[in-house]
Amino acid sequence: MSVLVTGGAGYIGSHVVRLLEQRGDDVVIVDNMSNGIASRIGELPLEQIDLSHADATDRLVEVIERYSVDSVVHFAAKKQVGESVQRPLWYYQQNVTGLANLLAALERTGVDRLVFSSSAAVYGMPDRLMVEEDIDCRPINPYGQTKLIGEWMIDDVMAATGLNAIKLRYFNVAGTGWNDLADTAVMNLFPIVLDRDARGLAPVIFGADYDTDDGTCIRDYVHVKDLALAHVYALDALAAGRPRVSTFNVGTGQGASVREVIDALSDALGRTLTPEIGDRRAGDPPRLIADVTAISTELGWKAEYGLADIAKSAVAAAAWRAAQA
Ligand SMILES: NC(=O)c1ccc[n+]([C@@H]2O[C@H](COP(=O)([O-])OP(=O)(O)OC[C@H]3O[C@@H](n4cnc5c(N)ncnc54)[C@H](O)[C@@H]3O)[C@@H](O)[C@H]2O)c1
């Protein structure tokens, strides 16, 4: 396979790049390096293109032809919910225009295999414990909207052309497959807890009075290495023809509470983190767990790693980074 990975210098993209490289696929990365880290991709070819720019389609067409690309994995996007609320138009330009420019390049070159990074953010605040792919999507912020619009654009192009695509809706991505590929942004629960700990601060739980067993919110945490492998399964399914189903949740099907995450991190650190309890945050549903029946039935993918593995890998990567500094 010859795979173009947009956003391949990012956290999740670089994990997929490494898996593809290990199994001998040819890889070319397109990234504007707004949040990419060059050391994650070593000597692999990197084309610095901003997908939202007016010249992006022409430049992508040239790259696709030069590298004889047959498949694309599209990660490149902005992903911060709060920022998307403050700068909605910019999020639409980055995430929606960027995808439109990519789809135009696929149409012009006839590349017909695409895997798209979507998100559980498309669901918004579902009123059920386990989320299936076919429930009503009602995103509650511009970030989630851009992902849902992206899915619609892909569906429409699939209906009108020979494009075959798989859209993966990631739940809570965490952990590290290789220390040098770690998530360096302090935005998700694992890095936030570890960052506070490194600064001598206790973790904060936003609301401990939810209707859950221990009162804290429950999420479905998927190890980034498992998630990366789901993309490889998706690419292989596309190589075999048009998939019967094209939208999949990627999670474990198991929930973990905020307290359980803090406990897992305590175990991995070898000492107890004692949380402080803060107020609830607006827009946090009590539980959000993926129904993963479809991806397991259709693609044969299942998460292998659990909460303890995620915590151990996150702690090891943080220690590795601290030693490099
Ligand atoms: N990390 C998560 O928890 C999570 C959850 C659900 C979905 N996602 C989606 O997965 C994808 C990857 O997320 P990540 O965590 O690896 O993020 P990341 O920021 O680490 O990686 C995104 C990469 O895309 C590049 N990029 C951004 N805008 C670009 C543009 N206009 N042109 C070219 N390159 C651009 C960045 O430089 C970066 O290297 C995103 O689409 C994100 O929305 C992530």
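For clarity, every value in this text was computed on a predicted model and none was experimentally measured. Just follow the structure's listing: the first ligand is 1, and inside any ligand the first atom is 1.
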Can you hop from Val111 to Leu51 via hydrophobic side chains spaced under 4.5 Å?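 Linked within one cluster.
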Indicate whether the side chain of Asp26 and that of Ser2 have a donor and an acceptor atom separated by less than 3.5 Å. no
Using a cut-off of under 3.5 Å, which N/O atoms of ligand 1 pair up with protein N/O atoms, and what distance separates each pair?
from: ligand 1; atom 1: 15 (O); to: Lys79; atom 2: NZ; distance (Å): 2.7
from: ligand 1; atom 1: 16 (O); to: Tyr11; atom 2: N; distance (Å): 3.3
from: ligand 1; atom 1: 16 (O); to: Ile12; atom 2: N; distance (Å): 2.8
from: ligand 1; atom 1: 17 (O); to: Lys79; atom 2: NZ; distance (Å): 3.4
from: ligand 1; atom 1: 19 (O); to: Asn35; atom 2: ND2; distance (Å): 2.7
from: ligand 1; atom 1: 20 (O); to: Tyr11; atom 2: N; distance (Å): 2.9
from: ligand 1; atom 1: 26 (N); to: Asn32; atom 2: OD1; distance (Å): 3.4
from: ligand 1; atom 1: 31 (N); to: Asp50; atom 2: OD1; distance (Å): 3.0
from: ligand 1; atom 1: 31 (N); to: Gln94; atom 2: OE1; distance (Å): 2.8
from: ligand 1; atom 1: 32 (N); to: Leu51; atom 2: N; distance (Å): 3.0
from: ligand 1; atom 1: 34 (N); to: Asn32; atom 2: N; distance (Å): 3.0
from: ligand 1; atom 1: 34 (N); to: Asn32; atom 2: OD1; distance (Å): 3.2
from: ligand 1; atom 1: 37 (O); to: Asp31; atom 2: OD1; distance (Å): 2.6
from: ligand 1; atom 1: 37 (O); to: Asn32; atom 2: OD1; distance (Å): 3.4
from: ligand 1; atom 1: 37 (O); to: Ser34; atom 2: N; distance (Å): 3.1
from: ligand 1; atom 1: 37 (O); to: Ser34; atom 2: OG; distance (Å): 3.3
from: ligand 1; atom 1: 37 (O); to: Asn35; atom 2: N; distance (Å): 2.8
from: ligand 1; atom 1: 37 (O); to: Gly36; atom 2: N; distance (Å): 3.1
from: ligand 1; atom 1: 39 (O); to: Gly10; atom 2: N; distance (Å): 3.3
from: ligand 1; atom 1: 39 (O); to: Asp31; atom 2: OD1; distance (Å): 3.2
from: ligand 1; atom 1: 39 (O); to: Asp31; atom 2: OD2; distance (Å): 2.6
from: ligand 1; atom 1: 39 (O); to: Gly36; atom 2: N; distance (Å): 3.3
from: ligand 1; atom 1: 41 (O); to: Phe75; atom 2: O; distance (Å): 2.7
from: ligand 1; atom 1: 41 (O); to: Lys147; atom 2: NZ; distance (Å): 2.8
from: ligand 1; atom 1: 43 (O); to: Tyr143; atom 2: OH; distance (Å): 2.6
from: ligand 1; atom 1: 43 (O); to: Lys147; atom 2: NZ; distance (Å): 3.2

What is the ring orientation for [X] with [Y], classed by angle as parallel under 30°, tilted 30 to 60°, or perpendicular over 60°?
X      : Y      : answer
Phe190 : Tyr221 : perpendicular
Phe75  : His231 : tilted
Phe171 : Tyr123 : tilted

Does the ring of Tyr210 carry Arg280 above it, NZ/CZ under 6.0 angstrom from centre and within 45° of its axis? yes
